[in-house]
Amino acid sequence: MSTPRPVIAVLVSGGGSNLQAIIDASETGAIPGRVGVVVANKADAYGLVRARNHGIPAEFLDHRSFESREAFDARVAEILRAHGAELVCLAGFMRVVTPVFLRAFPGRVLNIHPALLPSFPGTHGPRDALRYGVRFSGCTVHFLDEGVDTGPIVAQAVVPVYEDDNEETLAARILEEEHRIYPMAIRLFLEGKLTVEGRRVFTRDVARIPEFSRRNPDA
Ligand code: GRF
């Protein structure tokens, strides 16, 4: 008998394209785990459909029907535990998570954010980057802590911001990179290659990228 693959839980609020990238990576064997449960706090989250298309249990839980954030988080944690979740991935989950949830999965919750943290935390990463006028933005996978987009950084990818970008074109360019680095970060976590020391995450056995420099614009 083959050894069971660790269970990944994914929390979504919307389209779930990151969820899809994680499911695809698990189905091709690119990550050594399987998505075992998906929870959404929006009834119409397309992520629920994506999960069910792959035979993955998917549950809608309306946060408005709970008396507190903590009560909602406790119920989500209970569901994830019942499915044996070993890693929780927030993928476009538009809710701040309370310590009740973090205590249920200490050091085992990842999030993806569409900006190069610590720049532009919050709900409008691409819009804020565009308005500020940065020449590069990107995305960040980080461990979740009690702050908003403040936890130790596992991986980042950079994209250029062009002068004719709008929020949609920039967000789409960033999203493509999200789909690359989120599965990679999950693989490193499940392979036991990540160590957190304070704010810093150290990664065992990975190649260092060659020294490089990038300019934008490239006049
Ligand atoms: C992504 O840009 C993610 O970084 C942000 O919300 C978006 C979710 O996209 N938190 P999807 O639902 O994975 O398609």
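Counting convention: from 1, in listed order, for ligands and their atoms alike.
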### Query
Are the charged groups of Arg180 and Glu176 less than 4.0 angstrom apart, N to O?
no
#### Entry: Parallel, tilted or perpendicular, as decided by the 30° and 60° cut-offs, for the rings of Phe72 and Phe66
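If you compare the ring of Phe66 with that of Phe72, the planes turn out perpendicular.
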### Task
Group every Ile, Leu, Val, Met, Phe, Trp and Tyr by side-chain heavy-atom contacts under 4.5 Å, then state whether Phe101 and Val39 land in the same group.
yes
### Message
According to side-chain hydrogen bond (donor to acceptor under 3.5 Å, both in side chains), does anything in residues 119-143 pair up with another residue at least two apart or in another chain? List the pairs.
### Response
Asn111-His142, Arg135-Glu163, Thr140-Gln156
### Message
For a quick test of reading the model, state the closest non-hydrogen atom pair linking Arg173 to Val161 and the distance between them.
### Response
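Distance-wise, the nearest heavy atoms are NH1-CA, 4.3 Å.
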### Message
Just verifying a value: how many Å separate Asn41 CG and Phe60 CZ, rounded to the nearest 0.5 Å?
### Response
7.5 Å
### Task
List, ordered by chain and residue number, the protein residues whose closest non-hydrogen atom lies under 4.0 Å from any atom of ligand 1.
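Those residues closer than 4.0 Å to ligand 1 by some heavy atom are Gly15, Gly16, Ser17, Asn18, Gly92, Ile112, His113, Pro114, Leu175, Glu178.
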